[in-house]
Protein chains: 2
Amino acid sequence: MRIIHGLAMIERHHLEILRAVERHGSLTAAAEQLHLTQSALSHAVRKLEQQLDTPVWLREGRQLRFTQAGSQLLGLANRLLPQFEHAEMQVRQIARGQRGSLRVGMECHPCYQWLLKVVGPYLQYWPDVDVDVKQEFQFGGMGALFGHDIDLLVTPDPLHKPGVCFESVFDYEQVLVVPEGHSLADKAWVEPHQLEKETLITYPVAVERLDIFTRFFLPAHCTPARHKTIETTDIMLQMVAAGRGVSALPRWLVDEYARNLPITALKLGKEGMPKQIFLGFRERDESVDYLSEFVKLAREVRWG
Amino acid sequence: MRIIHGLAMIERHHLEILRAVERHGSLTAAAEQLHLTQSALSHAVRKLEQQLDTPVWLREGRQLRFTQAGSQLLGLANRLLPQFEHAEMQVRQIARGQRGSLRVGMECHPCYQWLLKVVGPYLQYWPDVDVDVKQEFQFGGMGALFGHDIDLLVTPDPLHKPGVCFESVFDYEQVLVVPEGHSLADKAWVEPHQLEKETLITYPVAVERLDIFTRFFLPAHCTPARHKTIETTDIMLQMVAAGRGVSALPRWLVDEYARNLPITALKLGKEGMPKQIFLGFRERDESVDYLSEFVKLAREVRWG
DNA sequence: GCCAAACCGTGAATTATTCTCATGAATAGG
DNA sequence: CCTATTCATGAGAATAATTCACGGTTTGGC
């Protein structure tokens with residue numbers, strides 16, 4: 001790098017020289033360790049001294065004693081060189097796909113509960129990967145994926161487009177949750193019209209994204225009497241248990257809560273409502289180890 | 001520097017390029033700022049990428065987007081380059097027979113007022129030392145000290161760790177400020193429950209760092225009715241004088257303002273609330289005379 | 001006290017690296 | 001569709017780094 005204004009002068013290799021001289025006590029020994037000649041080091045230091053306009057060390061007999069300026073530079077060397085070395089190691093790990101950050105985007109509320117079960121084991125296997133979960137996307141999950149705001153999208157609605165892959169990683173059944181003792185609680189399944197006088201509780205998202213409407217109520221041309229929205233699963237199920245309404249959630253999620261709350265799950269329609277969770281990622285990232293391993297691990301996680 | 005084992009690869013000028021590209025958005029613009037051609041930068045980056053075995057950025061149309069490896073290097077650049085630059089400045093000053101610069105970090109708002117009183121006399125005694133005050137720290141004051149972003153930390157909360165020394169330099173009393181004519185104004189001291197209907201005005205920092213909470217309200221299990229935050233001491237005391245709330249500040253600070261504003265200071269609790277200001281510095285710098293002299297001078301400054 | 005060994009410094013020659021120039025390919029915007 | 005802008009590339013010129021060869025000093029042993 002040719003310097004015009006004489007500003008940048010201290011280079012990494014100057015610091016390497018200073019450190020080696022301190023460690024080995026002489027230019028000659030430092031030169032050997034750096035696989036260079038003593039002359040090369042001498043020239044390099046002399047040039048640095050000219051640019052800094054101050055000696056870095058003083059010859060005392062055949063010893064070198066660092067000047068105040070030299071000590072400063074030595075301190076700089078001992079602080080900065082390890083950082084260079086550490087960064088080189090990290091970048092090499094990134095290059096090999098062993099390290100990085102995985103930004104996961106979520107498009108469905110209960111997906112979050114599922115994700116938590118995958119993230120735990122994943123962090124064990126990939127201690128050098130940071131996982132970051134995001135939930136709000138200005139241009140939707142696909143937009144976030146294309147815009148590189150996230151690397152992985154968790155969604156129940158794969159939207160196939162060139163450049164992205166979707167993999168199905170989890171099959172489950174969406175069920176209706178009712179309080180124990182509800183008039184429907186002992187039925188095997190429920191039909192839309194049976195809910196015409198009920199209050200339905202959902203997460204606060206657009207109706208088009210709620211399968212309970214698009215796949216259950218609307219095809220039967222009926223709706224529930226009231227529709228309330230609640231942010232959190234816990235409160236939602238507390239409300240259901242208290243008889244304030246019914247809700248549609250994954251069966252595995254309901255089963256977990258049913259241990260502590262008086263609630264029951266019912267099939268939605270005679271055949272039930274099967275659903276899947278998909279993971280989407282950019283095709284270009286297919287070869288990134290820590291990403292494809294996440295997808296693989298996600299597929300393997302099973303539920304007892 | 002000819003490298004044998006292919007290890008040292010990231011050079012300062014690579015970091016300069018990365019930083020310039022981030023700042024100016026394009027290779028061409030970066031080249032101009034560095035007084036080089038676009039071609040030179042392109043070659044340099046390409047070589048770095050070959051050595052690291054990973055791209056630093058990806059061309060997307062005519063935009064460059066940093067890869068994870070690139071972002072890592074960018075972080076390195078932003079951390080290391082300022083240190084190179086500071087070291088160069090400092091060495092040049094040493095070369096000119098000057099002493100360098102003392103970078104002082106502040107962790108408490110009113111400390112600033114105190115510091116101003118010390119800096120004046122200090123600059124008289126050490127005409128060739130520059131004093132620079134910094135107030136924002138990404139990793140806290142201690143982080144800044146260890147990271148060599150500052151040389152001296154002014155704080156009311158010394159956090160003893162190996163490698164740093166703290167010295168107590170100033171004892172003072174924290175008092176409650178109320179407007180003249182306030183119902184408490186003629187009391188000798190105030191108890192927490194007497195403030196239960198008041199508005200408390202503080203600097204905008206975390207509650208855990210406010211002694212008025214940790215040492216006054218919380219032990220008595222009560223809180224003020226409202227809590228407002230204000231950046232500047234002047235406005236804060238204007239608000240108090242106008243009857244909009246009460247505040248807790250050092251007595252010496254209140255006394256100064258009380259000459260011009262209708263405000264009064266009260267002891268916090270019967271015994272008052274004693275506080276101290278500490279100066280922290282790296283142990284290795286203990287022998288730096290212009291630094292230890294600052295600490296000594298700070299201890300000697302008295303208040304009339 | 002003297003000599004050999006171990007240092008560091010210097011100039012010239014050599015080798016390696018960096019930079020520029022000229023050019024091509026891709027892309028966004030008019 | 002054309003133009004202006006941007007990055008990439010190869011070749012050659014310019015610059016910088018390194019070695020070689022040698023000279024001067026210091027140190028310690030004999």
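No hydrogens, no waters, no symmetry mates; every other heavy atom, side chains included, goes into these values. A note on names: the letters A, B, ... follow the listed sequences, proteins ahead of strands, and every chain is numbered from 1.
Here C/dC21 presents its P atom at 14 Å from CG of B/Leu41, a figure rounded to the nearest Å. Rounded to a whole Å, the CG atom of B/Leu34 is 15 Å from the P atom of C/dT18. For the pair B/Arg65 CZ and D/dC7 P, the interatomic distance rounds to 15 Å; values are reported in whole Å. Nucleotide C/dT18 holds its C1' atom 14 Å from the NE2 atom of A/His13, rounded to whole Å. Computed from coordinates, the A/Leu48 CG to D/dA16 P distance equals 15 Å when rounded to whole Å. Protein atom CD of B/Glu49 is 10 Å distant from nucleotide atom P of D/dT9, rounded to whole Å. Residue B/Leu58 contributes atom CG, which lies 16 Å from atom C1' of C/dA26 at whole-angstrom precision. Regarding B/Gln51, its CD atom lies at a distance of 13 Å from the C1' atom of C/dA16, rounded to whole Å.
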For a salt bridge (charged side-chain N to carboxylate O under 4.0 Å, His left out) check, start with the C-alpha distance between A/Lys117 and A/Glu300, then their side-chain angles and the critical distance, and finish with the verdict. CA-CA 11 Å; A/Lys117 306 236 171 194; A/Glu300 285 165 3; over 6 Å; no
Apply side-chain contact (heavy atoms from CB on, under 4.5 Å) to the pair B/Glu293 and B/Tyr125, showing each step before the final yes or no. CA-CA 9 Å; B/Glu293 283 298 313; B/Tyr125 280 106; over 6 Å; no
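Separation of atoms CG (A/Leu210) and SG (A/Cys108) is listed at 11.0 Å; rounding is to 0.5 Å. Residue A/Met9 holds its CE atom at 8.0 Å from CG of A/Leu48, rounded to the nearest 0.5 Å.
Using the six-membered ring where Trp is involved, A/Phe66 and A/Trp57 have ring planes that are perpendicular, over 60° apart on the 30 and 60° scheme. Classification of the A/Tyr203-A/His109 ring pair by plane angle, with boundaries at 30° and 60°, yields parallel.
Not counting sequence neighbours, the partners of B/Arg79 by the side chain to side chain contact (heavy atoms under 4.5 Å, CB included) test are A/Gln83, B/Leu76.
Surrounding CD of A/Glu231 are at most 12 heavy atoms belonging to other residues, nucleotides or ligands under 6.0 Å away.
Phosphate proximity of D/dA16 to A/Lys47: absent, as no side-chain N or O sits under 4.0 Å from OP1 or OP2.
Comparing the start and finish of the helix from C/dG1-D/dC30 to C/dG30-D/dC1, five pairs each, the helix axis swings through 30°, to the nearest 10 degrees.
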Protein N or O to nucleotides 6-10 of chain C N or O, pairs below 3.5 Å:
unit_1	atom_1	unit_2	atom_2	d
C/dA6	O4'	A/Arg62	NH1	3.1
C/dC8	OP1	A/Leu27	N	2.7
C/dC8	OP2	A/Thr28	N	2.8
C/dC8	OP2	A/Thr28	OG1	2.4
C/dC8	O4'	A/Arg59	NH1	3.3
C/dG9	OP2	A/Ser42	OG	3.1
C/dG9	N7	A/Gln38	NE2	3.1
C/dT10	OP1	A/Arg46	NH2	3.3
C/dT10	OP2	A/Arg46	NE	2.6
C/dT10	OP2	A/Arg46	NH2	2.8
C/dT10	O4	A/Ser39	OG	3.1

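A donor and an acceptor atom, one from each side chain of A/Gln38 and A/Thr28, are nowhere located under 3.5 Å apart.
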